[in-house]
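Just so we're clear, the structure is a prediction, and the values are computed from it rather than from any experiment. Lettering follows sequence order; numbering is per chain, from 1.
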Protein chains: 4
Amino acid sequence: MPRGPRTRTNLLEATLVVAARDGYARATTRAIAEQAGVSEATIYRHFPDKLALFGSAVMHANAQVDEWFAGLPARAGEASVGDNLRECLHRLAGVKAEAIPLELAMLLDPELARSREEHLVAGADLTGPPAQLEAYLAAERSLGRLRGDVDPRTATLALLATLFTAAIGAGPTVDDCVELLVHGMLPPE
Amino acid sequence: MPRGPRTRTNLLEATLVVAARDGYARATTRAIAEQAGVSEATIYRHFPDKLALFGSAVMHANAQVDEWFAGLPARAGEASVGDNLRECLHRLAGVKAEAIPLELAMLLDPELARSREEHLVAGADLTGPPAQLEAYLAAERSLGRLRGDVDPRTATLALLATLFTAAIGAGPTVDDCVELLVHGMLPPE
Amino acid sequence: MPRGPRTRTNLLEATLVVAARDGYARATTRAIAEQAGVSEATIYRHFPDKLALFGSAVMHANAQVDEWFAGLPARAGEASVGDNLRECLHRLAGVKAEAIPLELAMLLDPELARSREEHLVAGADLTGPPAQLEAYLAAERSLGRLRGDVDPRTATLALLATLFTAAIGAGPTVDDCVELLVHGMLPPE
Amino acid sequence: MPRGPRTRTNLLEATLVVAARDGYARATTRAIAEQAGVSEATIYRHFPDKLALFGSAVMHANAQVDEWFAGLPARAGEASVGDNLRECLHRLAGVKAEAIPLELAMLLDPELARSREEHLVAGADLTGPPAQLEAYLAAERSLGRLRGDVDPRTATLALLATLFTAAIGAGPTVDDCVELLVHGMLPPE
DNA sequence: CATGAATGAGTGTTCATTCAT
DNA sequence: TATGAATGAACACTCATTCAT
């Protein structure tokens, strides 16, 4: 890997590490540069400002699951809905474990509300994994494998919200919460 | 109301307003003092530091629903579980609307993790409304009005997680998300 | 003792205690009021400002030795010069032990240079104990009990300077330092 | 001289200038930065905090006389003791004139008592010029050029104490005070 | 006489960002 | 490409002081 892109990747991962370890408020340019082993000025060779760095870091983390989620809607009808959803959340919670704190912090910032694009939730249309998840749920519903009165958008958000419990380190795992939702979404046998 | 306590209350409510409007990061002592119509120094006559102010603000917001939640466990068996839970979340989402951003932001801060006491979720034992909610669910389960394999703690956290969707202003309401969970928790008819 | 003057005395002594214990920089109105067991506002019932409080505190401490020093010049010719000087410094170091830090700190402050009146050293004329000490030395010199080339003003300052060693807690006692000076001031036998 | 070190030196000298001119209490980071012609933030690129700046400033001033004092003990037996001591104090008073107010102020601060290392006086062992002066006096005493009952440590502190008279701008010069001490230390002819 | 409440001016310190090298 | 040096603006917090009660 050539030097330029490697430094860029270092910075993205350093951002995720610092935000997950020290919290959003302490994810300063200084801490990130130190974690990446470069100078602060180097950040600005690769990103126009701190916000762009954070946004890119979240996208970078998402990229690892994007591929799997891209194929998700096509799997409607396969296996069982419960297993599929469990795997969805499991992947999101596991692979993006370090990205969630940063993502939530950005989500909570009203000033950042406008630049939400590739993030967890968008105002009108979902994108990335959430969008694929919504599409998958819609497909399953039209196959009759989901209760008819379940709104795919609502279900998607409810499922994603369970990731929040992981971010704050509460006792039960994400899996436990998902279980409850799955029960509520499946059609009566 | 005498002058001292009134200023204190002003500050608590100004803190909630600013945090909800401008975000946690921009809830500076300056902005809060301005919102409250007092000087910054006045903050420090009423609270030892900013963290204590924030903690007190969250407690102040919680106090408004604490009374209602205190009577919640005793209502197990009355009305329907679904209606009760819907009212719970409705009250939390409605009355504490302005406190949620602050509460979540504090929850996400690893350095604040130790001083979590009267907040949304505590490591081992829940306190405040969440604790009452957990007790209520346990009571309903022993009445057979809840599926036996539902863990009250898990269900509590899953329900509270739906409040997150309100904080980020996503489309569906909290009520919609709660509906799904309720379906998953009720025993088969 | 009536209530007013007692509070005033409390404040003067609290000032000396706090300055000696915590240093000049931490001798704030808050700390002094707390030590005295009164409110900060009470300070301003008894003194126009903090500077006046500090000046009065030094005078208050000096007052305890003023009486003895007033009779010092008249004792020229009695006992031995060495014993007399030793007693002088012993009294200053002992009785004013807690006042020295405050006095030195005020002396070192250029802005306070103008308001020096009843303090350790004044630009032109000495006052208080230092003035009496200077007068005593002049009297001894005219009696031939001091070397003729010893300048009373210089000797006074040199003796007082040894108090500085006490303030910083250095090993040797003031007595040890005075001994050296006495040797240098006595006439050849 | 490259840019970095030059700024650092500027800051050290600005610190001495401001402390000598305005007093320790008014030697704020703002005033020092202005005197040095840089921004306040620049201070923190060169020193971790204000205390480190002040400590370094005192060391910087001492460095100018350290070299001369390093060779002092080896000069025992040369010239006359009186001339040697006069030169010692003359150098300390002259070259470090601007450092003395800062050094004394730090010495008087009880909270700084622990970080005293390269300063005027240390609890157990002297360092820097004072240490060399003590060693020199011990050497002269073993040569019989000092009275046998003079303790080198005590004599050192007594000599250094005379510098205090310079700091407060009292009339007589340091030289005058030293003269008295020298008389008291020399052996009878 | 005493104080609880309030504050304007200031403190040391940190931040994201720029720029000459 | 990368960085050491620098900074304006902002931060949480403290100070001596005032005033209505």
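For DNA chain E, each stem of at least three Watson-Crick or G-U pairs (distances under 3.5 Å) is given as range with range: E:2-21 with F:2-21.
Contacts of D/Glu40 classified as salt bridge (charged side-chain N to carboxylate O under 4.0 Å, His left out), with partners at least two apart in sequence or in another chain: D/Arg30. For the salt bridge (charged side-chain N to carboxylate O under 4.0 Å, His left out) test, residues two or more places apart in sequence or in another chain that qualify with B/Arg26 are A/Asp109, A/Glu111. Residues meeting the salt bridge (charged side-chain N to carboxylate O under 4.0 Å, His left out) test with D/Glu13, sequence neighbours left out: none. In this view, A/Ala36 and A/Asn10, A/Leu11, A/Ala14, A/Val38 satisfy the side-chain contact (heavy atoms from CB on, under 4.5 Å) rule, not counting sequence neighbours. B/Thr9 is linked by a side-chain hydrogen bond (donor to acceptor under 3.5 Å, both in side chains) to nothing, counting only residues two or more places apart in sequence or in another chain. Shown here are the side-chain hydrogen bond (donor to acceptor under 3.5 Å, both in side chains) partners of D/Ser39, two or more places apart in sequence or in another chain: D/Thr42. By the side-chain hydrogen bond (donor to acceptor under 3.5 Å, both in side chains) test, D/Arg21 is found to be paired with D/Gln35, residues two or more places apart in sequence or in another chain being considered.
Nucleotides of DNA chain F lying under 4.0 Å from heavy atoms of chain C occupy a range whose first and last members, 5' to 3', are F/dC15 to F/dC19.
Taking CZ of D/Phe47 as the start and OG1 of D/Thr29 as the end, the distance is 13.0 Å to the nearest 0.5 Å. With rounding to the nearest 0.5 Å, the separation of CD1 in A/Ile43 from OG1 in A/Thr7 is 11.5 Å.
At E/dT7, one or more side-chain N or O atoms of B/Thr42 fall inside 4.0 Å of OP1 or OP2 (strictly under the cut-off). In this structure, C/His46 does not reach the E/dC1 phosphate: none of its side-chain N or O atoms is under 4.0 Å from OP1 or OP2.
Here the closest non-hydrogen pair linking D/Leu16 and D/Ala61 is CD1-CB, 3.9 Å.
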Please list, pair by pair, any protein nitrogen or oxygen found under 3.5 Å from a nitrogen or oxygen in nucleotides 10-14 of chain E.
unit_1 : atom_1 : unit_2  : atom_2 : d
E/dG12 : OP1    : D/Lys50 : NZ     : 2.7
E/dG12 : OP2    : D/Thr29 : N      : 2.9
E/dG12 : OP2    : D/Thr29 : OG1    : 2.9
E/dT13 : OP2    : D/Tyr44 : OH     : 2.5
E/dT13 : OP2    : D/Lys50 : N      : 2.9
E/dT13 : O5'    : D/Tyr44 : OH     : 3.3

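Each of D/Ile43 and A/Gly37 has a nearest nucleotide on DNA chain F; the 5'-most of these lies closest to A/Gly37.
Contact annotation for C/Arg45: base contact, defined as any heavy-atom pair under 4.0 Å involving a base atom.
Applying a 4.0 Å cut-off to non-hydrogen atoms, none of the residues of residues 9-19 of chain B approaches DNA chain E.
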Next on the checklist: Please determine whether side-chain contact (heavy atoms from CB on, under 4.5 Å) holds for the pair D/Leu104 and C/Leu104, giving the CA-CA distance in whole Å, both sets of side-chain angles, and the decisive distance to 0.1 Å.
Outcome noted: CA-CA 9 Å; D/Leu104 288 182; C/Leu104 288 182; over 6 Å; no
Next on the checklist: Assess the residue pair D/His46 and D/Leu12 against the criterion (side-chain contact (heavy atoms from CB on, under 4.5 Å)); give the C-alpha distance rounded to whole Å, side-chain angles, the decisive distance to 0.1 Å, and a yes or no.
Outcome noted: CA-CA 10 Å; D/His46 293 272; D/Leu12 293 176; over 6 Å; no
Can you give the donor-acceptor pairs under 3.5 Å from side chains of residues 48-59 of chain A to other protein atoms, not counting sequence neighbours?
unit_1  : atom_1 : unit_2  : atom_2 : d
A/Asp49 : OD1    : A/Leu51 : N      : 3.3
A/Asp49 : OD1    : A/Ala52 : N      : 3.0
A/Lys50 : NZ     : A/Ala27 : O      : 3.4
A/Ser56 : OG     : A/Ala52 : O      : 2.8

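Taking atom CZ on B/Arg3 and atom P on E/dT3, their separation rounds to 18 Å, with Å as the unit.
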